[in-house]
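For reference, positions follow the sequence shown, starting with 1. We count ligands from 1, going down the list as the structure has it; atoms in each ligand are counted the same way.
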Amino acid sequence: MTLPFELVAQGKVREVYAVDDDRLLLVASDRISAYDVVLPTPVPDKGRVLTALSVWWFEQLAPVLAEHGAEHHLLATGDALLAEGVPAELAGRSMLVRRLEMLPVECVARGYLSGSGTVEYQRSGAIVDVELPAGLVEGSRLPEPVFTPSTKAEVGEHDEAIGFAQVVDAVGAERAEALRALTLALYRRGAEIAEEAGIVLADTKFEFGTSPSTAGPATLVLGDEVLTPDSSRFWPAITWSPGAPQASFDKQYVRDWLTTSGWDRVAPAPELPEAVVAATRERYVTAYEKLTGRSWS
Ligand code: PZK
């Protein structure tokens with residue numbers, strides 16, 4: 001799909017276009033990645049479901065942002081974008097957002113130990129400078145949520161965990177404290193809402209910017225997509241069982257099938273069978289329906 005806008009950033013599964021000096025268009029595709037590789041088979045509706053979920057979360061989180069004197073970047077989505085020249089086929093998986101000065105740190109909150117957090121913990125008993133109690137295992141709930149920021153990696157690289165002092169170096173002490181407080185508050189509210197829906201929000205990553213046009217002290221603005229399965233770990237609460245890797249809410253069928261397919265995890269990945277695609281699409285829809293209480297179709 002060709003758009004009447006300039007492409008300004010591209011991720012594995014989404015793109016960012018410049019609409020004008022003040023606004024960007026974030027477009028989510030139906031592409032899916034697993035084991036760090038984009039699969040050749042799209043998942044129908046994934047882009048629309050994740051966009052709708054993100055938009056819903058921006059609404060849910062608005063009170064938390066307001067308590068912290070912060071804002072979010074979402075301006076419009078869906079059919080309201082047709083007037084901006086966004087083609088109808090893309091409107092449902094696009095968000096028109098305020099163009100921000102993005103801060104150069106990934107704001108990660110973890111309520112459970114998983115993945116790179118577990119690796120770091122097993123090596124040092126901490127995640128960089130955040131000390132954790134002894135005896136935790138993959139999937140353990142943490143005594144309280146922790147802020148474990150990371151660098152923004154270049155394309156093809158992995159984000160690297162950094163200490164709070166590096167956040168201070170990057171953005172200053174006052175803003176670093178504000179990012180930590182806001183990240184943890186957003187995570188706590190998100191995890192509470194997810195828990196009510198039977199979903200464990202194990203961890204998530206937020207990106208913040210500041211609005212260049214705002215007069216007075218710069219306001220923190222929550223950007224990117226929020227609390228989607230692509231930016232977070234969602235686990236079904238019913239099967240949560242610390243001590244081994246947890247079933248992923250969205251990608252478990254994909255990972256299981258890839259594991260048994262004989263694929264060596266070096267690109268290119270094989271096409272997914274229809275049944276795996278359908279089951280995966282269903283998982284995204286189910287996450288949307290459980291969280292929002294709305295019906296997808
Ligand atoms: C921005 N990214 C990362 C996101 C990608 C890459 N509101 C904003 N203002 C300025 N820049 C960005 C945003 C946002 N969000 C974020 N790159 C630029 C990113 C989505 C897809 F390919």
Worksheet item: Quick one: nearest non-hydrogen protein atom to atom 13 (C) of ligand 1, plus distance?
Response: Met102 SD, 3.6 Å
Item to complete: Decide, yes or no, whether a salt bridge links Arg99 with Asp22 under the criterion of side-chain N to carboxylate O below 4.0 Å.
Response: no
Fill in: Stepwise ring pair (Phe, Tyr, Trp, His ring centres under 6.0 Å) test for Trp56 and Tyr288
CA-CA 9 Å; Trp56 181 82; Tyr288 172 86; 7.9 Å; no
Fill in: Heteroatom distance test (His73, ligand 1): nitrogen or oxygen, under 3.5 angstrom
yes
Worksheet item: Nearest protein heavy-atom contact for atom 5 (C) of ligand 1: which residue, which atom, what distance?
Response: Val16 CG2, 3.4 Å
Discussion item. Parallel, tilted or perpendicular, judged at 30° and 60°: which one describes the rings of Trp263 and Tyr35?
Written reply: tilted
Item to complete: Identify, by atom number and element, the atoms of ligand 1 in contact range of Leu24, meaning under 4.0 Å from any of its heavy atoms.
Response: 8 (C), 9 (N), 10 (C), 11 (N), 12 (C), 13 (C)
Discussion item. Can you name the atoms of ligand 1, numbered from 1 with element, that are less than 4.0 Å from a heavy atom of Gln10?
Written reply: 22 (F)
Discussion item. In terms of relative ring orientation, are Phe58 and His73 parallel, tilted or perpendicular, with 30° and 60° separating the classes?
Written reply: tilted
Worksheet item: At a 4.0 Å threshold, what atoms of ligand 1 neighbour a non-hydrogen atom of Val97?
Response: 7 (N)
Practice prompt. Go through Leu291 and Leu227 one step at a time and tell me if the side chain to side chain contact (heavy atoms under 4.5 Å, CB included) criterion holds.
Written response: CA-CA 11 Å; Leu291 285 165; Leu227 299 177; over 6 Å; no
Worksheet item: For atom 22 (F) of ligand 1, which protein heavy atom lies nearest, and how many Å away is it?
Response: Gly11 N, 2.6 Å
Worksheet item: What protein heavy atom is closest to atom 17 (N) of ligand 1, reported as residue, atom name and distance in Å?
Response: Ala9 CB, 3.9 Å
Discussion item. Tell me if the CD atom of Glu196 is crowded by more than 12 foreign heavy atoms within 6.0 Å.
Written reply: yes
Item to complete: Please indicate whether Asp79 has more than 12 foreign heavy atoms, meaning atoms of other residues, nucleotides or ligands, lying under 6.0 Å from its CG.
Response: no
Discussion item. Tell me the contacting part of Val8 for ligand 1: side chain, backbone, both, or neither, using a 4.0 Å heavy-atom threshold, strictly below.
Written reply: neither
Fill in: Gap separating the CG atom of Asp230 from the OG atom of Ser33, nearest 0.5 angstrom
6.5 Å
Worksheet, complete the sentence: heavy-atom search around atom 15 (N) of ligand 1 in the protein gives Asp224 N, 3.1 Å
Worksheet item: Based purely on interatomic distance, does Arg98 place a nitrogen or oxygen under 3.5 Å from a nitrogen or oxygen of ligand 1?
Response: yes
Worksheet entry | Heavy atom of the protein closest to atom 20 (C) of ligand 1 (residue, atom name, distance) | Arg14 NH1, 3.0 Å
Response to the item:
The closest protein heavy-atom partner of atom 9 (N) of ligand 1 is Leu100 N, 2.8 Å
Worksheet item: Looking at Arg99, which atoms of ligand 1 are within less than 4.0 Å of one of its heavy atoms?
Response: 9 (N)
Worksheet item: So with a 6.0 Å cut-off around CD of Glu271, is the heavy-atom count from everything else above 12?
Response: yes
